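Source: prediction; values computed, not measured.
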Amino acid sequence: QVQLVQSGGGLVQAGGSLRVSCAASGRTSSTYAMGWFRQAPGKEREFVAAISRSGGSTYYADSVKGRFAISRDNAKNTVSLQMNSLKPEDTAVYYCAAGVTVSTKSYTYPYWGQGTQVTVSS
């Protein structure tokens, strides 16, 4: 059993920056690949970014490439998503996820955080 607790997010004007973080607890003796997904009302969760277990590989959705940066601290079992140059279309609930292997597909991640609201005003 792994629990993921998120923090950060909030409200920002377009062009601004926000950061969301995710801390793992419970069965954290092993290292997990981590991903960030987001979901707007009435929509499927969509991939945002992911990072491999070692932290050596990162992946980004085309819509956020160059604006968002994912990072991890394995010693602290945390992963963060730095979001810059935010746009109104980035508004969503952001979820962190943990899995055995890095993936861009939400269904491959068995563990999920509680979600954090990110709102970007125009």
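Scanning both residues, A24 and V2, for their nearest heavy atoms gives CB-CG1, 4.4 Å. Summarising the geometry of P110 relative to G99, their closest heavy-atom pair is CD-CA, 3.7 Å, with the distance given to 0.1 Å. Closest non-hydrogen pair, V100 versus R53, comes out as O-CD, 3.0 Å.
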**Item:** Steps toward side chain to side chain contact (heavy atoms under 4.5 Å, CB included) verdict (I51, V102)
**Value:** CA-CA 6 Å; I51 188 166; V102 67; 5.9 Å; no
**Request:** Run the numbers on Q6 and W36 for side chain to side chain contact (heavy atoms under 4.5 Å, CB included), then give the verdict.
**Result:** CA-CA 11 Å; Q6 299 179 218; W36 286 98; 3.7 Å; yes
**Message:** Applying side chain to side chain contact (heavy atoms under 4.5 Å, CB included) to Q39 and S106, what does each step give before you reach the verdict?
**Reply:** CA-CA 11 Å; Q39 187 171 25; S106 62; over 6 Å; no
**Request:** Could you please spell out the steps behind the side chain to side chain donor-acceptor pair (under 3.5 Å) verdict for T119 and Q117?
**Result:** CA-CA 6 Å; T119 303; Q117 180 68 47; 3.2 Å; yes
**Item:** Derivation and outcome, side chain to side chain contact (heavy atoms under 4.5 Å, CB included), residues R19 and S21
**Value:** CA-CA 7 Å; R19 188 177 183 90; S21 297; 4.2 Å; yes
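No salt bridge links K87 with D90; every basic N to acidic carboxylate O contact stays at or beyond 4.0 Å.
Counting only distance, with no hydrogens or angles, the side chain of R45 and the backbone of Y95 share no donor-acceptor pair below 3.5 Å. Side-chain atoms of R72 never come within 3.5 Å of backbone atoms of T78 as a donor-acceptor pair (strictly under, hydrogens ignored). With hydrogens and angles disregarded, a donor-acceptor distance shorter than 3.5 Å links the side chain of R67 to the backbone of S85.
V118 and Y60 fall within a single hydrophobic cluster, where Ile, Leu, Val, Met, Phe, Trp and Tyr are joined by side-chain heavy atoms under 4.5 Å apart, directly or via other members. Under the 4.5 Å side-chain heavy-atom criterion for Ile, Leu, Val, Met, Phe, Trp and Tyr, V93 and W112 are members of the same hydrophobic cluster. Following chains of ILVMFWY side-chain contacts shorter than 4.5 Å, one can reach V12 starting from V20, so the two form part of one hydrophobic cluster.
In this model, no donor atom of one side chain and acceptor atom of the other lie less than 3.5 Å apart for T91 and E89. Judged purely by distance below 3.5 Å, without hydrogens or angles, the side chains of Q13 and S121 never pair a donor atom with an acceptor atom. Side chains of S17 and N84: a donor-acceptor N/O pair is present below 3.5 angstrom, by distance only.
Between S103 and Y109 there is a side-chain heavy-atom pair separated by less than 4.5 Å. L86 is listed as a side-chain neighbour of L18, based on a closest heavy-atom distance under 4.5 Å. Counting heavy atoms from C-beta on, the side chains of V64 and M83 never come closer than 4.5 Å.
Between the CG atom of L4 and the OG atom of S25 there is a distance of 7.5 Å, given to the nearest 0.5 Å. Atom-to-atom distance recorded for M34:CE and L81:CG is 11.5 Å, nearest 0.5 angstrom.
Taking the six-membered ring for Trp and the full ring otherwise, Y32 and Y111 have centroids separated by under 6.0 Å.
Residues satisfying the ring pair (Phe, Tyr, Trp, His ring centres under 6.0 Å) criterion with F47, sequence neighbours excluded, are F37.
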